[in-house]
S.K.: 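Sharing a structure, written as structure tokens. Questions coming.
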Amino acid sequence: MAQTIHKYDAVVVGAGGAGMRCSLQLAKAGLRVAVLSKVFPTRSHTVAAQGGIGASLGNMDEDNWHYHFYDTVKGSDWLGDQDAIEFMCREAPKVVYELEHMGMPFDRNPDGTIYQRPFGGHSAKYGEKPVPRACAAADRTGHAMLHTLYQNNVRNKTQFFVEWMALDLIRDSEGDVVGVTALEMETGEVAIFHAKCVLLATGGAGRIFAASTNAFINTGDGLGMAARAGIPLEDMEFWQFHPTGVHNAGVLLTEGCRGEGAILRNKHGERFMERYAPKLKDLAPRDFVSRCMDQEIKEGRGCGPNGDYIALDLTHLGGETIMKRLPSVHEIGKNFANVDVIKEPIPVVPTIHYQMGGVPTNIHGQVVVPKNGTPNSIINGLYAIGEASCVSVHGANRLGTNSLLDLLVFGRAAGNHLIDTALASKSHKPLPANAADYSLSRIDVLDKSSGGEYPQDVANDLRKTMQLHAGVFRTQASMDEGVSKVLAIDERAKHLSLKDKSKIFNTARIEALEVANLMEAAKATMVSAAARKESRGAHTVDDYGDTPEHPLGRNDVEWMKHTLWYSEGNRLDYKPVNLKPLTVESIPPVKRTF
Amino acid sequence: MADKRIFEIYRYDPDTDAKPRMQTYEVELDGSERMLLDALMKLKKQDDSISFRRSCREGVCGSDAMNINGKNGLACLTNMLTLPQKVTLRPLPGLPVVRDLIVDMSQFFKQYHSIKPYIVNETPPPEKERLQSQEDREELNGLYECILCACCSTSCPSFWWNPDKFVGPAGLLAAYRFIADSRDQVKEERLENLEDPYRLFRCHTIMNCVDVCPKGLNPTKAIGKIKEMLVKRA
Ligand SMILES: Cc1cc2nc3c(=O)[nH]c(=O)nc-3n(C[C@H](O)[C@H](O)[C@H](O)COP(=O)(O)OP(=O)(O)OC[C@H]3O[C@@H](n4cnc5c(N)ncnc54)[C@H](O)[C@@H]3O)c2cc1C
Ligand code: SF4
Ligand code: SF4
Ligand code: FES
């Protein structure tokens, strides 16, 4: 049966912050752009972001982009590319002001400027003291931002395809990307989107872990699409654990709590972060705080009957501040922990939160891969932005507020790059014959399936395995074991079966298709992690501890490089980190203390 | 502790069913299913064909609105302890059903779009942010937090009867969010747009909307303020 073909200049896959910042740029320039999303745009997980957007506006204390640049490089444990980091930090004030002009309801200071709060790892004067840099709308910054972006896209008549799931990239014989296939959930039909350019903005794959701050839809679909099309994934061993996920629920409590003054305490009521990070204390970067919490728990100072959590104490902030600055935190405490945070501390544990790795790109968002001896050769017709991408501004550990910033800066930059390279006047490359066959055959297998395993059973086993073998605390032996377990699950994932064979809004089928993407993300993570024989940022391995030669286990001579994982044969390759910023001096690596 | 629950769920798949039916399930909860959404997901393991939307599982995305024992709410914010042993789930009332608990929300979004849900300010922006006083910003509280879940509009009798003409509580709350923003320059046009026997004035202050909003917002109050402004203008 012939597939319906939709023809657009650009197809953006994903309507989160990254996708909609980009589509806005394109729609304003009059390009024909389609945005595909698994959910109605304002239901994308950007909506859950709470704390803020990082930008050195200096509204409340002296700040400038050089400090932000320094903090981000250091936060990344020197795995971030310094050209991309400089670009992001310099653009930051501009993209925040633009968002304000679009109507974003930021909180305000008495002088009418945007309110900013301190956040982990953000400092003034190169690490001297915390600085308020997170531009916030109460603790609903992501919600306010996502709705503002949607509203402006409505105004500029962006064409949305809501509840369409992209399945696979279409590449022609030269390897150029010429479109995607996608499934319309309501009808179960597969269509082809023929485009001059495809942008992956599908967000992270946080659902490869059991306890996660991520939404159910965060299944790494863009990663799966890229991996199946032979494109490598970069730095997937680096996953951020957020220090304050609600114990037993996974729901996040923003770092803005600590930005507003909340304190982490062990069972003795001790503010233990003072011991580990004398300068930044509770506001040290996330990888560092998560490991300190883990250590407190391991050494028997955890709270509760099982000694398995840490207490986040907001009680001294007072009801007024909490209800004004952290209303959602109050709501979450009530709903998910039966705790009134105004009156008592709330149980928290480090919880998987953010994927630092992703589809490799340059600072224009163009996807780049090694080819003929050049590490960053461009794939025509393909861009990636947001959490799905790895540009790499976050390196081995992202600073809070830098992700929303990343979405705005690189969503906009990708749009501008397409406009500047005159996408409108280019013509479509022809589609290859039978462009939808591969996707159709994947669906056909599911439709004919019987007697296989239920997709969520396989996915749950995968999540447990990842939690155990790729968690906050890693050992070489456990990661090696994790690799063989994940590969075994991958075999099982090839034989899923559905009972529900309906064409109409078949959520069981959608979940099964998502499992294929989860598998690619999980294999990339596990294989890349087991291969990296050092500790760096979020990838901290017990076997590689602190020595004079390798500060905190980091081995810059052998391992200051980006991992590239290819799905075929689980092959690994590496490429150098870019230590050269665009205009300023490089920040040389030192031991990270706070 | 065994906690056996009976679920009665509205089922309809246009592919196979001539008409909708109610299907009864029994589920044993083990205490780890805190919210209705957790219980529903457990149920979906028994019968993978039960269809509903869900995403964030924390009440911010607005996906899993449904009619729970006769009242609209979000499954992910409905604690199982607050529900009786028997739970009856139906799709949001008044909108066409796509399948099971999934409704076609086009009409709802059309009304949202009809109020021009974006700031209009044609003065060239300054290099930095437009300034807004803390008091002016406060005006937006209780308005901008809407998650477009449609619990309110689909519990409003006026919206059931005139979904194509009456903007409905969610849309009117959004309308007031922009009217109230000190940065917006087209208040008059916005009021003009609502000065209509149907668009605004179909609201008879029945307050169902306030009663069901999972975010604790008050569309009726916003509607009252718009009415007041229209009266003053007249
Ligand atoms: C609870 C929480 C709080 C956070 N707080 C902050 C914060 O305060 N500051 C900060 O900087 N960062 C924060 N982050 C991180 C940040 O919010 C995310 O990294 C970011 O929002 C990701 O945006 P995105 O646009 O890349 O993807 P998303 O917002 O996840 O959007 C992905 C989009 O892709 C679509 N999609 C996915 N797969 C497909 C497919 N196959 N076909 C079609 N569409 C598809 C989805 O429908 C969705 O529209 C937080 C994260 C979480 C989880
Ligand atoms: S108060 Fe108005 S909008 Fe709300 S339910 Fe009643 S009629 Fe509908
Ligand atoms: S006002 Fe409340 S009930 Fe209505 S759509 Fe918004 S959040 Fe949902
Ligand atoms: S799943 Fe997002 S609101 Fe319930």
Side-chain angles (χ1 to χ4, degrees), chain A residues 38-40 42-45 47-48 57 93 96-98 100-103 105-114 137-138 140 142-144 147-148 150-152 154-155 186 215-217 248-252 328 331-332 335-336 454-457 498-500 502-508 511, chain B residues 13-16 32 34-35 41 44-45 47-63 77 79 98-100 102 104-105 109 113 116-121 125-134 136-137 140-141 143-148 177-178 181 183-184 215-216:
Chain A
K38 289 201 285 191
V39 294
F40 183 77
T42 62
R43 319 223 187 280
S44 306
H45 205 51
V47 80
L57 308 186
V96 168
Y97 293 140
E98 275 177 358
E100 194 283 325
H101 299 154
M102 289 179 213
F106 282 112
D107 284 2
R108 300 289 170 155
N109 292 310
D111 65 357
T113 56
I114 294 171
R140 306 187 181 100
H143 171 279
H147 281 253
T148 302
Y150 176 67
Q151 291 156 359
N152 280 271
V154 169
R155 183 177 193 183
E186 189 174 333
F216 290 118
I217 60 166
N248 280 339
V251 178
L252 178 89
S328 305
E331 210 177 302
I332 290 169
N335 286 330
F336 292 93
Y454 180 61
Q456 286 308 333
D457 288 336
L498 304 179
K499 278 185 247 128
D500 185 358
S502 168
K503 283 191 85 83
I504 311 297
F505 224 115
N506 186 332
T507 48
E511 287 178 16
Chain B
D13 177 353
D15 227 11
T16 51
S32 66
R34 182 185 188 86
M35 300 293 185
M41 303 219 353
K44 194 167 166 61
K45 281 181 86 167
D47 178 351
D48 70 356
S49 70
I50 304 173
S51 309
F52 51 92
R53 295 187 175 103
R54 87 282 179 270
S55 181
C56 72
R57 61 84 174 82
E58 57 182 87
V60 292
C61 78
S63 296
L77 288 188
N79 196 310
V98 176
R99 180 178 174 179
D100 299 347
I102 298 175
D104 177 352
M105 297 185 64
F109 290 124
H113 294 156
K116 296 206 166 74
Y118 39 81
I119 294 276
V120 178
N121 185 326
E127 216 165 280
K128 295 188 169 183
E129 64 267 58
R130 291 186 208 276
L131 299 181
Q132 185 172 46
S133 73
Q134 289 181 323
D136 284 344
R137 169 61 183 79
L140 308 182
N141 287 346
L143 304 172
Y144 81 94
E145 302 92 325
C146 171
I147 59 173
L148 298 177
R177 179 249 173 273
F178 291 98
D181 197 315
R183 298 168 294 177
D184 188 74
K215 302 311 279 181

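Each chain gets a letter, A, B and so on, in the order the sequences are listed, and its residues count up from 1.
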S.K.: Using the six-membered ring wherever Trp is involved, compare the ring planes of F109(B) and F40(A) and label them parallel, tilted or perpendicular (cut-offs 30° and 60°).
M.R.: parallel

S.K.: Where does E145(B) contact chain A at under 4.5 Å (heavy atoms): side chain, backbone, both or neither?
M.R.: both

S.K.: Under 4.5 Å, counting heavy-atom pairs only, tell me which of P105(A), P93(A), G142(A), A48(A) racks up the most with chain B.
M.R.: P105(A)

S.K.: Name the region of S55(B), side chain, backbone, both or neither, that has any atom closer than 4.5 Å to a heavy atom of chain A.
M.R.: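 For S55(B), heavy atoms of backbone and side chain both lie under 4.5 Å from chain A.
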
S.K.: Give the member of D107(A), N248(A), N152(A), V39(A) that has the highest number of heavy-atom pairs under 4.5 Å with chain B.
M.R.: D107(A)

S.K.: Check whether the side chains of Q456(A) and D48(B) place a donor and an acceptor atom closer than 3.5 Å, and report yes or no.
M.R.: no

S.K.: Between the side chains of D500(A) and R99(B), is the shortest nitrogen-to-carboxylate-oxygen separation below 4.0 Å, so that they form an ion pair?
M.R.: yes

S.K.: I need the residue from A144(A), A137(A), A215(A) with the largest number of non-hydrogen atom pairs under 4.5 Å to chain B.
M.R.: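 Most heavy-atom pairs within the cutoff with chain B belong to A215(A).
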
S.K.: Let's test your reading of the structure: which of H143(A), E98(A), K499(A), H147(A) forms the most heavy-atom pairs below 4.5 Å with chain B?
M.R.: H143(A)

S.K.: Determine the option with the most heavy-atom pairs under 4.5 angstrom with chain A, choosing from S51(B), G62(B), C56(B).
M.R.: G62(B)

S.K.: Pick from I504(A), N109(A), T113(A), V154(A): which one has the most heavy-atom pairs with chain B under 4.5 Å?
M.R.: I504(A)

S.K.: Please report the C-alpha distance between R108(A) and E100(A) in whole Å, then the side-chain angles of each, then the deciding distance to 0.1 Å, and finally whether the salt bridge (charged side-chain N to carboxylate O under 4.0 Å, His left out) criterion is met.
M.R.: CA-CA 11 Å; R108(A) 300 289 170 155; E100(A) 194 283 325; 2.8 Å; yes

S.K.: So for E331(A), is it side chain, backbone, both, or neither that comes closer than 4.5 Å to the heavy atoms of chain B?
M.R.: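 Answer is side chain: those atoms of E331(A) sit under 4.5 Å from chain B.
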
S.K.: Name the member of N141(B), L140(B), L148(B) that forms the most heavy-atom pairs with chain A at distances under 4.5 Å.
M.R.: L148(B)

S.K.: Can you tell me which of R183(B), R53(B), E58(B), K215(B) forms the most heavy-atom pairs within a distance under 4.5 Å of chain A?
M.R.: R183(B)

S.K.: Would L57(A) and K128(B) count as a side chain to side chain contact (heavy atoms under 4.5 Å, CB included) here? Give the steps.
M.R.: CA-CA 9 Å; L57(A) 308 186; K128(B) 295 188 169 183; over 6 Å; no

S.K.: Let me know if I147(B) has heavy atoms under 4.5 Å from chain A in its side chain, its backbone, both or neither.
M.R.: both

S.K.: Both conditions, 6.0 Å and 45 degrees, for the charged tip of R57(B) above the ring of F336(A): are they met here?
M.R.: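 Here R57(B) fails the 6.0 Å and 45° test against F336(A).
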
S.K.: What's the spacing between F52(B) CZ and M41(B) CE if we round to 0.5 Å?
M.R.: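 F52(B) CZ to M41(B) CE: 6.5 Å, rounded to 0.5 Å.
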
S.K.: Any idea which heavy atoms bring Y454(A) and K44(B) closest together, and the distance?
M.R.: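 Shortest heavy-atom contact: OH-O, 3.2 Å.
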
S.K.: If I measure from the heavy atoms of chain B, does F505(A) come under 4.5 Å with its side chain, its backbone, both, or neither?
M.R.: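 F505(A) touches chain B through backbone and side-chain heavy atoms alike.
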
S.K.: Decide, yes or no, whether a salt bridge links K45(B) with D457(A) under the criterion of side-chain N to carboxylate O below 4.0 Å.
M.R.: yes

S.K.: Side chain, backbone, both or neither: which part of R137(B) has a heavy atom under 4.5 Å from chain A?
M.R.: side chain

